[in-house]
Amino acid sequence: MPGEMIEISTNGHTTAGYLALPPSGQGPGLIVIQEWWGLVDHIKDVTDRFAAEGFVALAPDLYHGETTTSPDEAGRKLMALDIAHTGQDLRATADHLLGLSAVSPKKVAALGFCMGGQLALYAATEHDQISACVDFYGIHPNVQPDFSRLRGPVLGHFANEDGFVTPDAARELIGKIEAAGGKVEAHFYEAGHAFFNDSRPDAHAAEPATQAWERTLAFLREHLR
């Protein structure tokens, strides 16, 4: 079943989000965080895919109605993102999920792609509602999570041919998490940046994407029981 757009209340205002429910009507919660393009159809499709696998999945609209297909404009939007405000939106998204009767057990994970991967890490360090985190090649120069505040395990997916999040940068990130006492499981794939995005033939790598998908489902099912 496809999801639907809903309103999420946060700090005196509302933000939109795309909510998809599992066939059973119940499951653990999952925040799905967009790439720098915005809440586009691909992210909605991924959210639907997670719902079909048993999760109550909610993708907040962090650009508040705006999307783009231009890399230059996407870069500007990424850099202009108000991180404090975005943090409030992510907290409200977690709270909204935990307030739904459909979310059972009452656990929520954060998962994101590119910009959203770094924001998933940020959410996992800022908000104690987040039980686990999945980072798909996360990048945002203005987001520096305090990994000493991690409250759950991290799964990372990185690419050996990524020019944005290079293997060295990914290993540095992994080292920071481990040095702060965090638990992280990381995988490197023979692919480039955004290899999971099957709406982009120039970037998508089918076999690595399938491996990352299966590992993600196993990780979430283990830590959201």
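Quick caveat: nothing in here was measured; it's all calculated off a predicted structure.
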Pairs of donor and acceptor atoms involving the side chains of residues 107-124, under 3.5 Å and at least two apart or interchain, shall be tabulated with distances.
residue, atom, partner, partner atom, Å
Lys107, NZ, Arg225, O, 3.0
Gln118, NE2, Val143, O, 2.9

What donor-acceptor contacts under 3.5 angstrom involve side-chain atoms of residues 31-39, with partners at least two apart or in another chain?
residue, atom, partner, partner atom, Å
Gln34, OE1, Leu62, N, 3.1
Glu35, OE1, Asn197, ND2, 2.9

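Atoms NE2 and CD, on His193 and Glu161 in that order, are 13.5 Å from each other to the nearest 0.5 Å.
Using modelled atom types, no side-chain atom of Gln26 and backbone atom of Pro23 make a donor-acceptor pair closer than 3.5 Å. Remark: the backbone N or O of Gly65 is paired with a side-chain donor or acceptor of Asp61 at under 3.5 angstrom.
Counting only residues at least two apart or on different chains, no salt bridge (charged side-chain N to carboxylate O under 4.0 Å, His left out) pair has a member in residues 39-52. Residue pairs that meet the salt bridge (charged side-chain N to carboxylate O under 4.0 Å, His left out) test with at least one member in residues 108-131, sequence neighbours left out, are Glu126-Arg149.
With a 4.5 Å cut-off on side-chain heavy atoms, Glu53 and Trp213 count as touching.
Evaluation of the side chain to side chain donor-acceptor pair (under 3.5 Å) rule for Thr86 yields no partner, not counting sequence neighbours. For His13, the ring pair (Phe, Tyr, Trp, His ring centres under 6.0 Å) partners two or more places apart in sequence, or in a different chain, are His85.
Scanning all heavy atoms of the two residues, the minimum distance from Ile130 to Arg151 falls at O-CB, 4.3 Å.
Checked against a 6.0 Å centroid threshold, the rings of Phe136 and Phe196 count as neighbours.
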